[in-house]
Q: 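Have a look at this one.
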2 protein chains.
Amino acid sequence: MPLPQTEMPGRLQAHFAERGIRMTQQRRAILRVMETANKHLDAAHLLRKAQKLDASVDRSTVYRTLKLLKRHGLIDELDLMHINGEGHYYERKLNRDHIHMACLGCGKIMEFVSDIFEKLKGQVEKDCRFRIVVSRLEIGGYCAECSK
Amino acid sequence: MPLPQTEMPGRLQAHFAERGIRMTQQRRAILRVMETANKHLDAAHLLRKAQKLDASVDRSTVYRTLKLLKRHGLIDELDLMHINGEGHYYERKLNRDHIHMACLGCGKIMEFVSDIFEKLKGQVEKDCRFRIVVSRLEIGGYCAECSK
DNA sequence: ACTCCAGTTGCAATCGAGTCGCATCTGAGC
DNA sequence: GCTCAGATGCGACTCGATTGCAACTGGAGT
């Protein structure tokens, strides 16, 4: 299930420039981590990784930057079915939405892109006259291995 | 967008009996609230309503009962896109899953049942060989009125 | 290069949802 | 009724996230 994994690198920074958002040393570190992360960072991991690039980054700056990114629709916030506690996970918003599946057996997170999902969103927009800004489909269950 | 709103009343209590789960005064109050609630109760509201039926109900009992209901697959846990803070919302699990739409303008929560959603879940189960236990599709955006 | 200030930051205190340990209590099977 | 596994209330606690505030800084204007 390949995904359109990487947009242009530096894209988040570019967005900031376009929108006239001030670029600080700390934000640069945080954005770089977001851009290069494999996936599914929570705030604590993001903080730790960002501090390796700039030791001065503070927890509250991470949260404030995440809120900023969310407000601009540049990242998605995930729960991953609360498989590991109550916190949230973040990933760059890519071109296509994808479904997150969390295995209740082994904790693995899988992703899936589906035309039917796109069709479903189209139906919601049309039938409910609802303008979709953000959507999140999370599924909990058991992967092939854990189903045996 | 009509929903299969009400199952047989007292259904949650019946489930408890079937499964040999002890029925206490406090649980009776909490289940009654869950059964008669319109929808989308958070833990604090559930506590307040349950205390009107039985003043002795404690916050931790509400949380413990919610956890129990979740474990037995009798309720669904929702975030409703965190439109009102970080807490969770609960509703009885009905026959058919439905989509939750949260309006970022007016805060209204809408629901929608779709065959395409069922088809999508079928696709996930087949293509990913993933056995679905619970699924949650939440959409944030703007309703017809707020879109104007 | 210098100034300026709105916007940003670090820090520490705080909030609030949810959890836990423990002594006490109680439902339901005998 | 007795009994005791399981449930409860209470208070302390955890932990993710937020906030108030004084100090700092990016970058636009000169």
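All values reported here derive from a predicted model rather than from experimental measurement.
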Q: Test ring pair (Phe, Tyr, Trp, His ring centres under 6.0 Å) on His40(A) and His45(A); report intermediate values, then the result.
A: CA-CA 10 Å; His40(A) 305 145; His45(A) 278 80; over 10 Å; no
Q: Would you mind building the protein contact string for nucleotides 11-22 of chain C? One character per nucleotide, 5' to 3', B for base within reach (heavy atoms under 4.0 Å), S for sugar-phosphate only, - for untouched.
A: B-B---SBBBB-
Q: Nearest whole Å is fine: how far is dG27(C) P from Gln13(B) CD?
A: 14 Å
Q: Tell me the interatomic distance from Asn84(B), atom CG, to dT18(D), atom C1', rounded to whole angstroms.
A: 16 Å
Q: Can Lys121(B) and Asp97(B) be counted as an ion pair, charged N to O under 4.0 angstrom?
A: yes
Q: What does the list of N/O pairs under 3.5 Å between the protein and nucleotides 27-30 of chain D look like, with a distance for each?
A:
| residue | atom | partner | partner atom | Å |
| --- | --- | --- | --- | --- |
| dG27(D) | OP1 | Met23(A) | N | 3.0 |
| dG27(D) | OP1 | Met23(A) | O | 3.4 |

Q: Any salt bridge between Asp58(A) and Arg64(A), counting N to O under 4.0 Å?
A: no
Q: What's the shortest heavy-atom distance between Lys93(A) and Val134(A), and which atoms?
A: NZ-CG2, 4.1 Å
Q: If I take atom CG in residue Leu69(B) and atom P in nucleotide dA7(D), what distance separates them, rounded to the nearest angstrom?
A: 12 Å
Q: For Arg27(A), which of Asp54(A), Leu68(A), Thr61(A) qualifies under side-chain contact (heavy atoms from CB on, under 4.5 Å)?
A: Leu68(A)
Q: Are Glu35(A) and Arg92(A) ion-paired here, with the side-chain N under 4.0 Å from a carboxylate O?
A: no
Q: Roughly how many Å is it from CZ in Phe16(A) to P in dG26(D), rounded to a whole number?
A: 15 Å
Q: Output the rounded distance in Å from CD (Gln26(B)) to C1' (dT24(C)).
A: 13 Å
Q: To the nearest Å, how far apart are Arg27(A) CZ and dG26(D) C1'?
A: 10 Å
Q: Within 45° of the six-membered ring axis of Phe117(B) and under 6.0 Å from that ring's centre, is NZ or CZ of Lys119(B) located there?
A: no
Q: For Leu47(A) and dA17(D), what is the distance between atoms CG and C1' respectively, to the nearest whole Å?
A: 13 Å
Q: Nearest-Å distance, CG (Leu78(A)) to C1' (dG16(D))?
A: 16 Å
Q: Test ring pair (Phe, Tyr, Trp, His ring centres under 6.0 Å) on His82(B) and His88(A) and set out the steps.
A: CA-CA 11 Å; His82(B) 299 303; His88(A) 293 119; 4.7 Å; yes
